[in-house]
Amino acid sequence: MGTYDYRSIEKKWQRYWKENRTFVADKQSSKPKYYVLDMFPYPSGAGLHVGHPLGFIATDIITRYKRNKGFNVLHPMGFDSFGLPAEQYAIKTGVHPAERTKTNIKHYWQQLESIGLHYDPDATVTTSEPAYYKWTQWIFLKLFSHWYNKQEEKAYPIEQLVDIFAKNGNAEVIAASSQKTSFSADAWNAMTEKEQADILMNYRLAYLDYATVNWCQELGTVLANEEIKDGKSERGGFPVERRQMKQWMLRITAYADRLLTGLDTIDWSDSMKAMQTHWIGRSEGASIVYQVEGVEDTIEVFTTRPDTLYGNTFMVLAPEHPLVEKIMSADQKEEVETYVTWAKNRSEKDRIADTSKTGVFTGGYAIHPMTGNKLPIWIADYVVITYGTGAIMAVPSGDQRDWDFAKKYNLEIIEVVAGGNIDEAAYDSKDGKMVNSDFLNGMSAREAIRAMIGKLVEMGIGKKEITYRQRDVIWSRQRYWGEPTPIVYKNGIATPMDEADLPLVLPEIDEYKPSPTGEPPLSRATSWRTNPDGDIRDLNTMPGLAGSSWYFLRYPDAENDKEFASKEVIDYWMPVDLYIGGTEHAVGHLMYSRFWTKFLKDIGLASVDEPFQKLVNQGMIQGVSQLMYRNKETNVFVSADLVEKGTEDQYSEIHTDVNLVKAGVMDVEGYKSWTKDEWATFQLNDAGEFRTFSQVEKMSKSLYNTIDPQVLCEEVGADTMRLYEMFLGPIEVAKPWNIDGINGVHSFLKRAYNLFVGDKEEWLVTDGAPTADELKILHKTIKKVEEGIERLAFNVCVPAFMVFVREMGKMNCHKRAVLEPFLVSLSSFAPHFCEELWEKMGHGQTILLASFPEWKEEFIAEATIQYPVQINGKMRTKIEVAADAAKDAVEEVALANETVQQWMDGKPARKVIVVPGRIVNIVV
RNA sequence: GCGGAUGUGGCGAAAUUGGUAGACGCGCUAGAUUUAGGAUCUAGUGCCGCAAGGCGUGUGGGUUCGAGUCCCUCCAUCCGCACCA
């Protein structure tokens, strides 16, 4: 038998592809293009594990397949290299994050190449390099200098808005804006520069505003919700408070409608679209303004059910609502203040966990706009300040939360929609006639909504309104390892840097922590923090999302130093035809990438509205951790089969390295030397083994369950690993990594090799003409593989190859005419293997330049096809039709008719309908 | 609670539009070969049954000549969101 020496074959071809720059795409070409993209990784110190390459292998297969199909394919790879781990590592060790990042990236490239993953070497990005982040900063400045016209649904330069204000004030402007008040042209022209700048800030797409953040004094930074545990910082356990701080924000809410409607035009999974839809959270209703007894201020509420206004018996404000101060009465002051303080310091998590409705009465009253009744104003933390207006009109008969609250505090409940039993629960259905509702009585709820909005508009106290759940995104971080914000403050006015001065390079600092006074790390760069003109620089950096929001536009033209990317080049390449990555970016990266693409289209720099035409989420490959029982009392490790069911809680569960465990039995000596714990004692079972138990969880270094793909490649080869990962199941499905079946795949490659090379390393391939049977199997295989790849069902392609090899082996067929097309169809899965044999076949070029074979139905047809037969629509029997005759429908009908005539005692059928491969329908 | 998805052998899984359920691989059983095997090859392997035969795609119904596939009910699991007014 020939020896399939995968080690030398794989090394040879990996070097070949690299040296010959095989995967460089033509920047522009008359060929059809195909842009296939992976979500680029963060280059962590831990390197790749077997879970990572699943999506990478899939895109590599597509790349090679599409090239064989005649496409000009772009398949780039890069690194999302700004981020927290490198910064934390720097704080600990003093190693510059850039240095650490560089080392890690080098390791990643080497790992990728060793599993046969090769990319276009000219199309790569590293987000932390100045040549790249120059353009991230540049786009930020573009956002800063544009506003969003809501009427035209498009972004325009801010200068245009300045002209409008100078001529007409802001009354006519319909914009996405946080500007609450209106002003005339005269008022605008009379303003100081600073006052004008403050107003423009309310219109910019990148703007400064106060936002509620989790501030940790001790760490000197803002923390994400995930970084807080029980109201304390995860690291250090320092107190965290919710604080209003001025932050850079991006006005993504301007694009909410387009982000929503755009989903209809792209090929993403339902769950992905549902997540984005829900995140945007569009809801239609009405806003209503209430007068408040004794004060000038009014309360504005948002409701989706204006029809139930007559059932409104009290008001509820969020504890943080600005009006609380003004409306509370003297005798309620103490109680209100206690409640507000308590609510403010509750962590987000506590608030979510606790659904019991608590609140206090403020002592103030609002006036019902229709009846003039006095409505007590309460505060309660079931009303959140971040949604709607932070205030609600409570309708206990129609909303379960209001109902619970009213029952608890004995507030009035008035039925307004008939059909429920409001003594038992709220009735929130829209099925029912209006009652107790004056002019609405007798209408359906749907009619009443329209009628009430009409009435509110007529009275000038309300209007139709659309509210979104989505908030503008905070775009500043008090960190070092990110893009510096290219803004300086001239006389306190935030001013964009001159584009010619970009990139604004990260300054060198001696420590990466915030300053002792709580200023961001960049404040330590004392000579940098004022620019040459003496203006103060912004000290914030951008979040990790910044670099990843546009990298796919950079790849096709990654070396361009004149523009962020040439318009012609991205017009040719965009949109991305296939994007593969995990679901964890559903509402983060994917949302902001869509937003930035739409913005860049608005300002004429991109031609597509949606960046990612087809999105596939690969499932995570989970780790199978191995755990040991350790007796809590004696600290003795006990073999898992000796632990009785139900007594597990007497033991601690300790992770051990999966590499020490074979078939559930752990190498005890290996464990001792690994942990350097010579004192560990083990209770073995009767067979003298120490058994562990396993558990499926995330693959992670800290759980000792990672498997390095390079180790696996060394053991069985990259081609085997690629085939096996694809063979495991559909790429969308999460599954535990299980190596049990890998031998089956490996021996398939060995058997395949033996079709080409014989026992004494002699070349077996012959030139004879293939038989019908051989052609049938070949064409079936090609068909199955092509269809499998096209719908990304790689797991059905591998069995097709296996069947081919088995059948050819049985027939002892070594003919070039069938083996060559087979090699091409296999080449995207096992590229090293196929390149080697392709070369041995005598081809002077790489298999990537071969064209994918075409399958022909005429070779595939079965010997006989069984058709069920219907007569006058009723199922009667089955007839058999020879496949040769079934080549075209006409013959098939004739034959079927003949058979049926015999069966029907010579009576001819009036009509015989044959759907190929289906059913015969006969009308007598 | 809301939204999205998924339920098929001992296991991973196949089954283009409704048409022979379980391809392919693992595991298991038997045999061959080998000094030996966690190597290789051959045959078998959904379940019950000696067999003929019967039963089988989470549950219960429905449409159809025919349902893993379409419709409704319920159950279970996974993911996402969560007092959204």
Side-chain angles (χ1 to χ4, degrees), chain A residues 1 269-279 281-283 285-288 301-306 308 312 315-316 318 348 351-358 380-384 386-395 398-402 404-405 428 467-470 583-584 586-587 617 619-620 662-663 723-724 727-730 732-748 750-751 783-784 787-788 790-791 793 795-806 809 865-878 915 917-921:
Chain A
M1 246 180 257
S269 71
D270 286 347
S271 64
M272 207 45 118
K273 287 185 181 181
M275 269 190 244
Q276 292 222 337
T277 304
H278 182 250
W279 188 257
R282 184 181 197 272
S283 91
S287 67
I288 306 173
V301 300
F302 172 76
T303 177
T304 54
R305 295 295 301 272
T308 64
N312 172 212
M315 309 295 286
V316 188
E348 202 82 354
R351 230 175 128 145
I352 289 162
D354 178 13
T355 53
S356 69
K357 313 260 174 301
T358 61
D381 75 347
Y382 81 89
V383 175
V384 294
T386 50
Y387 183 77
T389 60
I392 61 157
M393 59 172 229
V395 182
D399 183 293
Q400 193 56 43
R401 289 156 303 172
D402 297 345
D404 293 342
F405 196 77
D428 59 9
T467 296
Y468 299 90
R469 195 188 88 98
Q470 184 174 43
T583 41
E584 64 272 22
V587 290
N617 298 112
M620 291 249 267
K662 293 271 180 303
L723 277 165
Y724 183 61
F727 182 59
L728 266 176
E732 296 94 334
V733 178
K735 48 191 116 28
W737 176 251
N738 172 2
I739 198 134
D740 289 348
I742 203 158
N743 280 338
V745 174
H746 188 61
S747 55
F748 150 72
K750 282 197 261 182
R751 280 199 301 270
K783 183 182 185 200
K784 198 139 201 186
E787 287 171 352
E790 288 288 348
R791 62 189 170 102
N795 53 327
V796 304
C797 299
V798 182
F801 296 130
M802 288 176 171
V803 169
F804 175 89
V805 168
R806 197 187 59 211
I865 302 170
Q866 219 183 42
Y867 287 118
V869 176
Q870 285 185 10
I871 298 175
N872 289 343
K874 288 283 171 201
M875 183 57 139
R876 286 297 153 85
T877 185
K878 286 181 178 179
V915 183
R918 277 289 175 285
I919 199 163
V920 184
N921 191 9

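All heavy atoms count here, side chains included; hydrogens, waters and symmetry mates do not.
In this structure, A/Lys735 contributes its side chain and A/Gly619 its backbone to no donor-acceptor pair below 3.5 Å.
Here B/rU16 is the nucleotide among B/rU16, B/rC81, B/rC26 with the atom lying nearest to any side-chain atom of A/Glu787. Candidate nucleotides B/rA85, B/rA13, B/rC26 were compared by shortest atom distance to the side chain of A/Ile392, and B/rA85 ranks first. Ranking B/rC81, B/rU40, B/rC24 by closeness to the A/His278 side chain, first place goes to B/rC81. Distances were taken from every side-chain heavy atom of A/Phe302 (C-beta onward) to each of B/rA85, B/rA14, B/rG4; the shortest belongs to B/rA85. The side chain of A/Val796 lies closest to B/rA15 when the candidates are B/rG12, B/rA85, B/rA15. Counting only heavy atoms from C-beta on, A/Asp270 has its side chain closest to B/rA5 among B/rC26, B/rA5, B/rA13. For A/Ser283, taking side-chain heavy atoms from C-beta onward, the closest of the listed nucleotides B/rA85, B/rC83, B/rC24 is B/rA85. The side chain of A/Met802 lies closest to B/rC24 when the candidates are B/rA85, B/rC81, B/rC24. Nearest to the side-chain atoms of A/Phe727 among the listed nucleotides B/rG25, B/rG80, B/rA5 stands B/rG25. The side chain of A/Arg791 sits closest to B/rA15 out of B/rU16, B/rA14, B/rA15.
We find that CG of A/Asn795 is positioned 9 Å from P of B/rA13, with the value rounded to whole Å. Rounded to an integer number of Å, the gap from A/Lys783 NZ to B/rA15 C1' is 14 Å. Across the protein-nucleic acid pair, A/Met272 atom CE and B/rC81 atom P stand 12 Å apart, rounded to whole Å. Atom-to-atom, CZ of A/Arg469 to P of B/rG80 comes out at 14 Å; the value is rounded to the nearest Å. Whole-Å rounding puts the A/Phe748 CZ to B/rC41 P distance at 14 Å.
Nucleotides B/rG56 and B/rA21 have their C1' atoms positioned 10 Å apart, rounded to a whole Å. Comparing B/rG31 with B/rA14, their P atoms sit 35 Å apart, to the nearest whole Å. Comparing the C1' positions of B/rU57 and B/rG46 gives a spacing of 11 Å, expressed to the nearest Å. If you take atom C1' in B/rA39 and the same atom in B/rU45, they sit 23 Å apart, rounded to whole Å. As rounded to the nearest Å, B/rU73 and B/rU63 have C1' atoms that lie 15 Å from one another.
By the neighbour-count criterion of 12 heavy atoms within 6.0 Å, atom CE of A/Met620 is sparsely surrounded, having that number or fewer from other residues, nucleotides or ligands.
Along RNA chain B, the nucleotide closest to A/Thr303 and the one closest to A/Ser271 are compared, and the more 5′ of them pairs with A/Ser271. The residue among A/Gly390 and A/Met275 whose nearest nucleotide of RNA chain B is located toward the 5' end is A/Met275.
The two residues A/Arg469 and A/His278 come nearest to each other via the heavy atoms NE-O, 3.2 Å.
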**Request:** Report the secondary structure of RNA chain B in dot-bracket form, marking unpaired bases with a dot and bases paired to a different strand with |, and treating Watson-Crick or G-U pairs with both distances under 3.5 Å as paired.
**Result:** (((((((..(((......[....)))((((((.......))))))(((....)))..(.(((..]....))).))))))))....
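For A/Phe405, the ring-ring contact (aromatic ring centres under 6.0 Å, His included) partners two or more places apart in sequence, or in a different chain, are A/Phe314, A/Trp378, A/Tyr382, A/Tyr409.
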Could you give the side-chain donor-acceptor pairs of residues 740-748 of chain A under 3.5 Å, partners two or more places apart or in another chain?
{"from": "A/His746", "atom 1": "ND1", "to": "A/Val716", "atom 2": "O", "distance (Å)": "3.3"}
{"from": "A/His746", "atom 1": "ND1", "to": "A/Thr720", "atom 2": "OG1", "distance (Å)": "2.9"}
{"from": "A/Ser747", "atom 1": "OG", "to": "A/Asn743", "atom 2": "O", "distance (Å)": "3.0"}
{"from": "A/Ser747", "atom 1": "OG", "to": "A/Gly744", "atom 2": "O", "distance (Å)": "3.2"}

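Of the side-chain N and O atoms in A/Arg751, none sit less than 4.0 angstrom from OP1 or OP2 of B/rU40.
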